[in-house]
Chemist: 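Mind looking over this structure? Questions follow.
All values below come from the heavy atoms of this structure, side chains included, with hydrogens, waters and symmetry mates left out.
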Amino acid sequence: MLLTLPGLLNAAQVAKIHDILQGAAFVDGRLSAGFAAARVKNNLELQADEQRQGRLIRVIMASLGHNETFRFGALPHRVADPIIARYEPGMTYGDHVDDPIMGSTGPRFRTDVSMTIFLNPPASYDGGELVVRTPFGDQQVKLSAGDAVVYPSSSLHRVAPVTRGERLVALTWIQSYVRDAARRELLYELNLAREALLKEQPGTATTGYLDRSYANLVRMWAEV
């Protein structure tokens with residue numbers, strides 16, 4: 001399941017991130033890649049900087065915690081500290097799947113869901129689409145600054161070459177309470193119906209059945 005999160009960050013938050021990144025050093029993105037990914041990865045990533053990283057985490061994580069699409073779509077158990085990636089003309093990231101286990105400098109966690117948060121307006125650069133392979137064909141994603149997309153970390157995906165301007169994104173990975181992507185999709189859609197009934201028909205037997213079924217499916221499938 002591929003979900004977009006329009007307006008995850010508002011204009012002021014995007015501007016704050018750009019302000020935090022002023023004068024920051026970026027290094028070869030292959031330094032953080034696994035062996036297979038390093039062969040197809042050509043981008044730059046924010047150099048480790050504890051002070052900047054802390055400020056970025058506060059801006060991004062505050063928005064994630066309040067976003068219902070993220071909470072019910074990803075069912076997050078653990079969320080990795082974000083990485084800032086920059087693509088200049090000629091840079092790209094070929095077909096790959098994300099590393100299944102991350103956290104080399106802290107607690108290890110399984111990657112179930114990947115997230116890309118776009119930080120530059122799409123008109124400011126050419127190319128740079130996120131291309132995710134799905135059962136229905138490739139889906140190209142290039143969103144407005146502040147918008148985000150989440151998708152299974154197991155999906156084959158790539159970043160198309162940037163031919164003009166600069167692509168700037170924040171990336172993070174999530175270990176979900178529900179490991180299986182098909183089950184997460186079912187729960188997300190079931191919750192949409194549940195939320196609608198709770199608002200429109202509270203107190204009815206049908207709403208109660210659906211509410212209990214959702215809760216018990218989460219209980220059945222969740223890993224803690």
Chemist: Starting at CG of Leu75, measure out to CZ of Arg183 and round the result to the nearest 0.5 Å.
Modeler: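 Answer for the CG-CZ pair, Leu75 versus Arg183, is 12.5 Å.
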
Chemist: Taking ring-ring contact (aromatic ring centres under 6.0 Å, His included) as the cut-off, I'd like each qualifying pair that reaches into residues 141-167, sequence neighbours left out, listed once.
Modeler: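 Qualifying pairs: His96-His157, Tyr151-His157.
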
Chemist: Please assess Leu143 against Leu130 for the test side chain to side chain contact (heavy atoms under 4.5 Å, CB included), listing each intermediate value before the final yes or no.
Modeler: CA-CA 9 Å; Leu143 303 176; Leu130 172 67; over 6 Å; no

Chemist: Among Leu8, Thr116, Leu5, find the residue that satisfies the side chain to side chain contact (heavy atoms under 4.5 Å, CB included) test when tested with Val149.
Modeler: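 The passing option is Thr116.
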
Chemist: Is a side-chain N or O of Gln53 found less than 3.5 angstrom from the main chain of Gln47, in a donor-acceptor match?
Modeler: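 No, the answer is negative, given that no donor and acceptor are paired below the 3.5 Å cut-off.
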
Chemist: Tell me, do Val141 and Leu2 make a side-chain contact under 4.5 Å, heavy atoms counted?
Modeler: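 Yes - at least one pair of side-chain heavy atoms lies under 4.5 Å apart.
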
Chemist: Could you tell me if Thr206 and Gln201 have a donor-acceptor pair between their side chains, going purely by distance under 3.5 Å?
Modeler: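 No donor-acceptor contact under 3.5 Å links the two side chains.
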
Chemist: With sequence neighbours left out, which residue pairs that include part of residues 199-224 fulfil the ring-ring contact (aromatic ring centres under 6.0 Å, His included) condition?
Modeler: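 Pairs touching residues 199-224 that pass the test: none.
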
Chemist: To the nearest 0.5 Å, how far apart are CG in Asp180 and OG in Ser154?
Modeler: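 It is 9.0 Å, given to the nearest 0.5 Å.
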
Chemist: Going by the rule salt bridge (Lys or Arg N to Asp or Glu O under 4.0 Å), which residues pair with Glu88 if we only count those two or more places apart in sequence or in a different chain?
Modeler: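 So Glu88 forms a salt bridge (Lys or Arg N to Asp or Glu O under 4.0 Å) with Arg86.
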
Chemist: Partners of Ala222 by side-chain contact (heavy atoms from CB on, under 4.5 Å), sequence neighbours excluded?
Modeler: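 Tyr177, Val218.
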
Chemist: Could you tell me whether a side-chain N or O of Arg167 sits under 3.5 Å from a main-chain N or O of Tyr87, the two making a donor and an acceptor?
Modeler: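 Flag not set: sc Arg167 to bb Tyr87 has no pair under 3.5 Å.
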
Chemist: Are the side chain of Ser144 and the backbone N or O of Asp147 linked by a donor-acceptor pair below 3.5 Å?
Modeler: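 Such a contact is absent between Ser144 side chain and Asp147 backbone.
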
Chemist: What residue pairs, at least two apart or across chains, pass salt bridge (Lys or Arg N to Asp or Glu O under 4.0 Å) with a residue in residues 118-137?
Modeler: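 Passing the test, one end in residues 118-137: Asp126-Arg164, Arg133-Asp138.
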
Chemist: Show every salt bridge (Lys or Arg N to Asp or Glu O under 4.0 Å) that has at least one partner inside residues 189-208, sequence neighbours left out.
Modeler: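 Applying salt bridge (Lys or Arg N to Asp or Glu O under 4.0 Å) to every pair that reaches into residues 189-208, excluding sequence neighbours, yields Arg194-Asp211.
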
Chemist: Please collect all ring-ring contact (aromatic ring centres under 6.0 Å, His included) contacts where either partner lies in residues 7-31, sequence neighbours excluded, each pair once.
Modeler: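 Non-adjacent pairs meeting ring-ring contact (aromatic ring centres under 6.0 Å, His included): zero.
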
Chemist: Determine which pairs satisfy salt bridge (Lys or Arg N to Asp or Glu O under 4.0 Å) with at least one residue from residues 23-41, sequence neighbours left out, and list them in order.
Modeler: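 Qualifying pairs, neighbours excluded: Asp28-Arg30, Lys41-Glu45.
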
Chemist: Using atom types as modelled and distance alone, determine if a side-chain donor or acceptor of Thr92 lies under 3.5 Å from a backbone N or O of Val159.
Modeler: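 Checked: pair present.
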
Chemist: Okay, side chain of Asn216, backbone of Arg212: is any donor-acceptor separation there less than 3.5 Å?
Modeler: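 Such a contact is found between Asn216 side chain and Arg212 backbone.
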
Chemist: Taking the side chain as everything from C-beta on, heavy atoms only, tell me whether Asp112 gets closer than 4.5 Å to His77.
Modeler: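 Side chain of Asp112 against side chain of His77, heavy atoms only: no contact under 4.5 Å found.
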
Chemist: Once you round to the nearest 0.5 Å, how far does CG of Leu31 lie from CG of Leu44?
Modeler: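 If I round to the nearest 0.5 Å, the distance is 10.0 Å.
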
Chemist: Determine, step by step, whether Leu168 and Ile17 satisfy the side chain to side chain contact (heavy atoms under 4.5 Å, CB included) criterion, reporting the C-alpha distance in whole Å, the side-chain angles of both residues, the deciding distance to 0.1 Å, and the verdict.
Modeler: CA-CA 11 Å; Leu168 189 71; Ile17 289 174; 5.6 Å; no

Chemist: Would you tell me whether Asp98 and Thr111 have side-chain atoms, one donor and one acceptor, within less than 3.5 Å of each other?
Modeler: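 Not at all, the side chains of Asp98 and Thr111 share no donor-acceptor pair under 3.5 Å.
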
Chemist: Is Gln22 reaching over with its side chain to a backbone N or O of Asp19, donor-acceptor style, under 3.5 angstrom?
Modeler: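 The answer is no, because no donor-acceptor pair under 3.5 Å joins these two groups.
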
Chemist: Residues two or more places apart in sequence or in another chain: which of them pass ring pair (Phe, Tyr, Trp, His ring centres under 6.0 Å) with Phe72?
Modeler: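 In terms of ring pair (Phe, Tyr, Trp, His ring centres under 6.0 Å), with neighbours along the sequence ignored, Phe72 is linked to no residue.
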
Chemist: Main chain of Pro76, side chain of Ser176: is a donor-acceptor contact present, judged purely on distance under 3.5 Å?
Modeler: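 No, Ser176 side chain to Pro76 backbone: no donor-acceptor pair under 3.5 Å.
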
Chemist: My understanding is that only residues two or more places apart in sequence, or in another chain, count here; which of them pass ring pair (Phe, Tyr, Trp, His ring centres under 6.0 Å) with Tyr188?
Modeler: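 Once residues adjacent in sequence are excluded, Tyr188 has no partner under the ring pair (Phe, Tyr, Trp, His ring centres under 6.0 Å) criterion.
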
Chemist: To the nearest 0.5 Å, what is the distance between OG1 (Thr172) and CZ (Arg78)?
Modeler: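 One gets 13.5 Å once the value is rounded to the nearest 0.5 Å.
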
Chemist: Could you give me the CA-CA distance, side-chain angles and deciding distance for Val113 and Arg184, then say whether side chain to side chain contact (heavy atoms under 4.5 Å, CB included) is met?
Modeler: CA-CA 10 Å; Val113 180; Arg184 286 197 307 274; 3.7 Å; yes

Chemist: Given the rule in the side chain to side chain contact (heavy atoms under 4.5 Å, CB included) test, do Val150 and Thr69 qualify, once you have shown the distances and angles that lead to the verdict?
Modeler: CA-CA 10 Å; Val150 293; Thr69 301; over 6 Å; no

Chemist: Would you mind listing the cluster partners of Leu198? Hydrophobic ones only (ILVMFWY), side-chain contacts under 4.5 Å, chaining allowed.
Modeler: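 Its cluster partners, ordered by chain and number, are none at all.
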
Chemist: Can you tell me how far apart CZ (Arg55) and CD1 (Ile20) are? Round to the nearest 0.5 Å.
Modeler: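 Interatomic distance, Arg55 CZ to Ile20 CD1, rounded to 0.5 Å: 4.5 Å.
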
Chemist: OG/Ser63 to CZ/Arg58 distance, rounded to the nearest 0.5 angstrom?
Modeler: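 These two atoms lie 13.5 Å from each other.
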
Chemist: Which salt bridge (Lys or Arg N to Asp or Glu O under 4.0 Å) pairs, counting each pair once, include a residue from residues 215-224, with sequence neighbours left out?
Modeler: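 Matches after skipping sequence neighbours: Arg110-Glu223, Arg179-Glu223.
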
Chemist: For a 4.5 angstrom cut-off between non-hydrogen side-chain atoms, does Leu197 reach Thr204?
Modeler: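 The answer is no, as the side chains (C-beta and beyond) never meet within the 4.5 Å cut-off.
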
